[in-house]
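Quick note: numbers below take in every heavy atom, side chains included, and nothing from hydrogens, waters or symmetry partners.
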Amino acid sequence: MSAWSARLDELGIALPEVVAPLAAYVPAVRTGNLVYTSGQLPIANGELAATGKVGAEVSAEDAAHLARRCALNALAAVDSLVGIDSVVKVVKVVGFVASAPGFTGQPGVINGASELFGEVFGEAGAHARSAVGVAELPRNAPVEVEVIFEVA
């Protein structure tokens, strides 16, 4: 196991509290050596950090920061379930971007999550990914991210 918690400290990143489920699900589930997170919204201190469509009410740059927040929330969910230091690899990231008509910058938005995983996990943070534009997300969130982690 790697000392990812020490790496977070080195980066000055504190994991947030696990976001309470907004419906009938749990934040993360382990099966075998994989942990699947539920879709994480950009919730900070119990509140949605922004609302609206990317490319209209929310800029692509702001949305990338929101995707990073989603990734932090995913890390918190994993940490609460198995401990962050048990992560072996980030396997897959799926990002959903509530997109204004004509907005095609979904990959750049989801880079906010992907780059965080690279900062924290280095080569173990390299992952497969999908970045999908959607019409609406829960609570009018601009972005949602779900992640699959390999754990020890």
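Pro27 is listed as a side-chain neighbour of Pro21, based on a closest heavy-atom distance under 4.5 Å. Contact annotation: the side chain of Ser38 never approaches that of Glu146 to less than 4.5 Å [non-hydrogen atoms, C-beta and beyond]. Within the 4.5 Å cutoff, no side-chain heavy atoms of Leu41 are placed close to those of Asn73. No side-chain heavy atom of Phe149 sits under 4.5 Å from any side-chain heavy atom of Val88. Within the 4.5 Å cutoff, the side chain of Val58 has heavy atoms near those of the Leu66 side chain. Using a 4.5 Å cut-off on side-chain heavy atoms (C-beta onward), Ile110 and Phe96 make no contact. Using a 4.5 Å cut-off on side-chain heavy atoms (C-beta onward), Val147 and Phe117 make contact. Between Val132 and Val97, every side-chain heavy-atom pair lies at or beyond the 4.5 Å cut-off.
Across Lys92, Glu150, Lys89, a single residue satisfies side chain to side chain contact (heavy atoms under 4.5 Å, CB included) together with Leu34, and that is Glu150. Of the residues Leu75, Val145, Asn111, Val90, the one that meets the side chain to side chain contact (heavy atoms under 4.5 Å, CB included) test with Leu116 is Leu75.
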From CA spacing to verdict: side-chain contact (heavy atoms from CB on, under 4.5 Å), Val91, His127: CA-CA 5 Å; Val91 177; His127 53 271; over 6 Å; no
Audit row: Glu119, Arg68, salt bridge (charged side-chain N to carboxylate O under 4.0 Å, His left out) steps and yes/no: CA-CA 11 Å; Glu119 291 170 28; Arg68 181 182 178 92; 3.1 Å; yes
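No chain of hydrophobic side-chain contacts below 4.5 Å, direct or via other Ile, Leu, Val, Met, Phe, Trp or Tyr residues, connects Val143 to Leu48. If you chain together hydrophobic residues whose side chains sit under 4.5 Å apart, Val19 and Tyr25 fall into the same group. The cluster map of Ile, Leu, Val, Met, Phe, Trp and Tyr, joined by side-chain heavy atoms under 4.5 Å apart, puts Leu11 and Val78 in the same cluster. Under the 4.5 Å side-chain heavy-atom criterion for ILVMFWY residues, a single connected hydrophobic cluster contains both Ile84 and Leu72. In terms of hydrophobic clustering, with Ile, Leu, Val, Met, Phe, Trp and Tyr side chains grouped at heavy-atom distances under 4.5 Å, Ile148 and Val82 are assigned to different clusters.
Counting only N and O atoms by type, the side chains of Arg129 and Ser114 include a donor and acceptor under 3.5 Å apart.
Between Gly108 and Ala64 the shortest heavy-atom distance is O-CB, 4.0 Å. The two atoms that bring Pro16 and Ala76 nearest to each other are O-CB, 3.3 Å, heavy atoms only. Contact record, Thr51 with Arg139: CG2-O, 3.9 Å, taken as the closest heavy-atom pair. Taking both residues in full, the closest heavy atoms of Gly133 and Ser99 are given as CA-OG, 3.6 Å, listed atom of the first, atom of the second, then distance. Taking all atoms of both residues into account, the shortest heavy-atom contact from Ala63 to Val54 is CB-CG2, 3.6 Å. For the residue pair Val35 and Ala28, the shortest heavy atom distance occurs at CG1-CB, 3.9 Å.
When atom types are taken as modelled, the side chain of Asp85 and the backbone of Ser5 share a donor-acceptor pair closer than 3.5 angstrom. A donor-acceptor pair is defined here as one N or O able to donate and one able to accept, closer than 3.5 Å; no such pair exists between the side chain of Trp4 and the backbone of Phe121.
Once rounded to the nearest 0.5 Å, the distance linking CG of Leu81 with OG1 of Thr37 reads 10.5 Å. With rounding to the nearest 0.5 Å, the separation of CZ in Arg7 from CD1 in Ile13 is 8.0 Å.
Residues that satisfy the side chain to side chain contact (heavy atoms under 4.5 Å, CB included) test with Glu57, not counting sequence neighbours, are Lys53.
Heavy-atom neighbours of Arg30 CZ from other residues, nucleotides or ligands within 6.0 Å: above the threshold of 12.
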